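One structure is given below, encoded as structure tokens.
All figures in this text were calculated on a predicted structure; none of them were measured in a lab. So that the names make sense, note that chain A is the first sequence line, chain B the second, and so on, each numbered from 1.
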Amino acid sequence: MRTVHTNPLFPLQSATPRRLTSFLILHSQCSLAFTFSFPQFNAPNSDTFKHTEFLSLPLMRFSLTLSKTPFLAPIMASGSVSGSASLVWFRKGLRIHDNPALEYASKGSKSVYPVFVIDPHYMEPDPNAFSPGSTLAGLNRIRFLLESLVDLDLSLKKLGSRLLILKGEPSEVVIRCLKEWDIKKLCFEYDTEPYYQALDKKVKDYASTAGVEVFSPVSHTLFNPVDIIQKNGGRPAMSYQSFLKLAGQPSWASSPLSMSISSLPPIADVGSCEITEVPTVEELGYRDYEQDELMPFRGGESEALKRLRESISNKEWVANFEKPKGDPSAYAKPATTVLSPYLKFGCLSSRYFYQCLINVYKDVKKHTSPPVSLVGQLLWRDFFYTVAFGTPNFDRMKGNRICKQIPWNNDDELLAAWREARTGYPWIDAIMVQLRKWGWMHHLARHCVACFLTRGDLFVHWEKGRDVFERLLIDSDWAINNGNWMWLSCSSFFYQYNRIYSPVSFGKKYDPNGNYIRHFLPVLKDMPKQYIYEPWTAPLSVQTQAKCIIGRDYPKPWLVISLWSPSMVSHDSASKECKRKLGEAYALNQKLNGQVSEDDLKNLRRKLEENKEQESGSRRQKQKL
DNA sequence: AGATGGTTGCCGTA
DNA sequence: TACGGCAACCATCT
């Protein structure tokens, strides 16, 4: 196919019938009607489209007629096509406000291509996964992401642009776009996650050989993790308090953030790249999934800002916010802002949120402080981002210098019971149902189930629980999720392994009637309140009355607990055993100064087994006596 | 080396 | 509602 140079009024550096067609189709949602023909191919009027009103433009090598449409105005005004094209690569940062990458691209570019690449591994159905969704993400988060993309696309359209959706391995797709569209500036938000570090390296390497300018600002967090690590002599702070000291006030805190963009340069020719609209979940291949309760949080920047306004409009609430005092059983009206999923995808700028909170604090007499305040929550986020960025193998136990080496078990049956909400502890199971249905639970509820799976009861490896959260949470965030799993399993940051959440009394003190359990575990909805946290203690007559026979309609807890140790029959005995194991593991870590090898762990496992046999042996003897 | 404090445990007591 | 005991961890600061 021959390349044809276009009229300077038309923002195509080179045009072929195919490219022109894709450009016109691309803009057809502007209710554009047009005709054009390619006389040089000796096929006049062969590609004639329906037209309404004509504006004839004499072209150098072919003739083209276009209708007068709004989208033409910026194209006509943009003048010469010799100016540069920029590509904005959206990954997180799915917003217009406080978006330095978008802002930079919009200035001094003749055209801007806003791109989102759909990675099939992240989006397309995986029939082997344990829940509806892809290999990497549950359907709730995929839906949340798609909603965020639709919202971003709408906002971009209001600015005279749109979101270009492409499919494939992201670095390959972006590099192809850079070539195809002759991009001079590539702009995307800097990302500290290892996945993006590796991905971005590929793209940056290509850009530097091709002479493409790369602009990659830090705008996902309050601070640049690199700065904080440097301030601390190259190692991230391991405690929140020392992090606070290092971080201080963010440099941008008192200057206004760029909250809007008046207009964007147009998208030019998209060439042979296949562009689509934001797909629906059905278009991605999700068809026969059950949807008994719709997850109540909708994705997108507009929703994020609405939610933010609602949260900060109650100044007293903001000023008095104390995270540990929130009620984890409140589901109809959650005790927190539920802005975490919006922060995760960057629908909401953490810096804007921070400024809003500081402004509320200025208007009230007194307010709470980190770590428990709302600002404190944003700082926790930065704390985990910083330590995660500065710690190799942060998402693993092995080779992770901040992680205690502990002989966790890898029992898939125990894991499955926990994951599928059949531990027999209603408080734990209800939380796991909320995770699956909503993709969101209160922070303290997450603590309860994470503690139960790891150091509290089942002694399953924290990485297994991490994987389940990573998949199912709509706000799952690599740094924060891994950090919190290490925290809860007493592998790092927090070490007081005697403090174990009770799967019975913790929930009861917030919700004595068990409304939360009744809502997420309807099988127990008629269980009297005095039994609802421990239904196996209910007399059979009560179970019959409640139409819930324990062991038939809802599991007995000791069946699960005894899976990993036949002598374990209750939370009491399981948690005692966990404490004993952790005590031994801690002693080994201390003795070997953290340099615990796989053999050392194997030996410790053997030793713990021997002890257990001796103990249960002596217990049997005592019972006989 | 010793002191201090640590986002959010549980239970019993007053 | 607020405490002390439980048993005793760690990172950080002095």
Residue list, salt bridge (Lys or Arg N to Asp or Glu O under 4.0 Å) with [X], at least two apart or on another chain:
X: A:R91; value: A:D200
X: A:K591; value: none
X: A:K576; value: none
X: A:R307; value: none

Provide, to the nearest angstrom, the distance between the [atom1] atom belonging to [X] and the [atom2] atom belonging to [N].
X: A:F506; N: B:dT7; atom1: CZ; atom2: C1'; result: 12 Å
X: A:F243; N: C:dC13; atom1: CZ; atom2: P; result: 14 Å
X: A:F494; N: B:dT7; atom1: CZ; atom2: C1'; result: 10 Å
X: A:L244; N: C:dC13; atom1: CG; atom2: C1'; result: 16 Å
X: A:M238; N: C:dC13; atom1: CE; atom2: P; result: 13 Å
X: A:D382; N: B:dT7; atom1: CG; atom2: P; result: 16 Å
X: A:L444; N: B:dT8; atom1: CG; atom2: P; result: 10 Å
X: A:Y510; N: B:dC10; atom1: OH; atom2: P; result: 8 Å

Pairs meeting criterion side chain to side chain donor-acceptor pair (under 3.5 Å) with involvement of residues 501-518 of chain A, two or more places apart =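 Sorted result for residues 501-518 of chain A: A:Q434-A:Y516, A:H447-A:Y501, A:S502-A:S505, A:N513-A:N515.
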Pair listing, side chain to side chain donor-acceptor pair (under 3.5 Å) test, anchored in residues 369-387 of chain A, at least two apart =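 For residues 369-387 of chain A: A:H220-A:R381, A:H220-A:Y385, A:K323-A:Q377, A:S350-A:R381, A:Y385-A:D477.
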Would you tell me if any nitrogen or oxygen in the side chain of A:Q241 comes within less than 4.0 Å of OP1 or OP2 on B:dT4?
->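 Answer is no, no contact under 4.0 Å.
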Using a cut-off of strictly less than 4.0 Å, decide whether A:S242 has a side-chain nitrogen or oxygen near OP1 or OP2 of C:dT12.
->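 Checking C:dT12 against A:S242, a side-chain N or O does come within under 4.0 Å of OP1 or OP2.
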List the atom of A:T391, the atom of A:P236, and the distance in Å for their closest heavy-atom pair.
->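 Smallest heavy-atom distance, with atoms named: OG1-CG, 4.1 Å.
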Identify the two heavy atoms, one from A:V460 and one from A:T454, that lie closest to each other, and give their separation to 0.1 Å.
->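 Smallest interatomic distance, heavy atoms only, reads O-CG2, 3.3 Å.
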Every protein N/O lying under 3.5 Å from an N/O of nucleotides 11-14 of chain B:
residue, atom, partner, partner atom, Å
B:dC11, OP2, A:S505, OG, 3.1

Establish, from distance only, whether the side-chain atoms of A:N481 and A:R466 form a donor-acceptor pair under 3.5 Å.
->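 Side-chain D/A pair, A:N481 to A:R466: absent.
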Any chance the side chains of A:H571 and A:D457 put a donor and an acceptor closer than 3.5 Å?
->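 Per modelled atom types, A:H571 and A:D457 side chains form a pair under 3.5 Å.
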Ring geometry between [Y] and [X] (parallel below 30°, tilted from 30 to 60°, perpendicular above 60°):
X: A:F243; Y: A:F223; answer: perpendicular
X: A:W427; Y: A:Y533; answer: tilted
X: A:Y586; Y: A:Y495; answer: perpendicular

Could you give the distance separating [M] and [N] at their [atom1] atoms, to the nearest angstrom?
N: C:dA7; M: B:dG6; atom1: C1'; answer: 16 Å
N: B:dT7; M: C:dC13; atom1: P; answer: 13 Å
N: C:dA8; M: C:dG4; atom1: C1'; answer: 15 Å
N: C:dC3; M: B:dG5; atom1: P; answer: 16 Å

Near-parallel close stack of A:W380 and B:dT7 base (under 5.5 Å, under 30°) =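 The base of B:dT7 is stacked with A:W380 (centres under 5.5 Å, planes under 30°).
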Table of protein N/O atoms under 3.5 Å from nucleotides 3-10 of chain C N/O atoms:
residue, atom, partner, partner atom, Å
C:dC10, OP2, A:Q590, NE2, 3.4

Any donor and acceptor pair, going by atom type alone, linking the side chain of A:N232 with main-chain N or O of A:R235 inside 3.5 Å?
->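 Side chain of A:N232 to backbone of A:R235: a pair is present.
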Does some side-chain heavy atom of A:W408 sit less than 4.5 Å from a side-chain heavy atom of A:L601?
->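 Contact flag for A:L601/A:W408 side chains = no.
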Pair A:E189 + A:R95: basic N to acidic O under 4.0 Å =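 So A:E189 pairs with A:R95 through a salt bridge.
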Classify [X] by what it touches in the nucleic acid, base, sugar-phosphate, or nothing, heavy-atom distance under 4.0 Å.
X: A:E322; result: nothing
X: A:K508; result: nothing
X: A:Y240; result: sugar-phosphate

Note every stem involving DNA chain C: at least three consecutive Watson-Crick or G-U wobble pairs, i with j then i+1 with j-1, with both distances under 3.5 Å.
->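 Output for stems: B:1-6 with C:9-14, B:9-14 with C:1-6.
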Give me the residues of residues 479-487 of chain A where at least one heavy atom lies under 4.0 Å from an atom of DNA chain B, by number, or none.
->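 Within residues 479-487 of chain A, the residues near DNA chain B are A:W487.
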Counting only non-hydrogen atoms, which of residues 384-394 of chain A are less than 4.0 Å from DNA chain C?
->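 Going residue by residue through residues 384-394 of chain A, none turns out to have a heavy atom under 4.0 Å of DNA chain C.
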Of A:V596, A:L588, A:L592, which meets side-chain contact (heavy atoms from CB on, under 4.5 Å) against A:Q405?
->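 Only match with A:Q405 under side-chain contact (heavy atoms from CB on, under 4.5 Å): A:V596.
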Minimum-distance nucleotide (side-chain atoms of A:K245 versus B:dT7, C:dC13, B:dC10) |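 The answer is C:dC13.
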Under the ring pair (Phe, Tyr, Trp, His ring centres under 6.0 Å) test, which residues partner A:Y331, sequence neighbours left out?
->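 Only A:H519, A:F520 meet the ring pair (Phe, Tyr, Trp, His ring centres under 6.0 Å) criterion with A:Y331.
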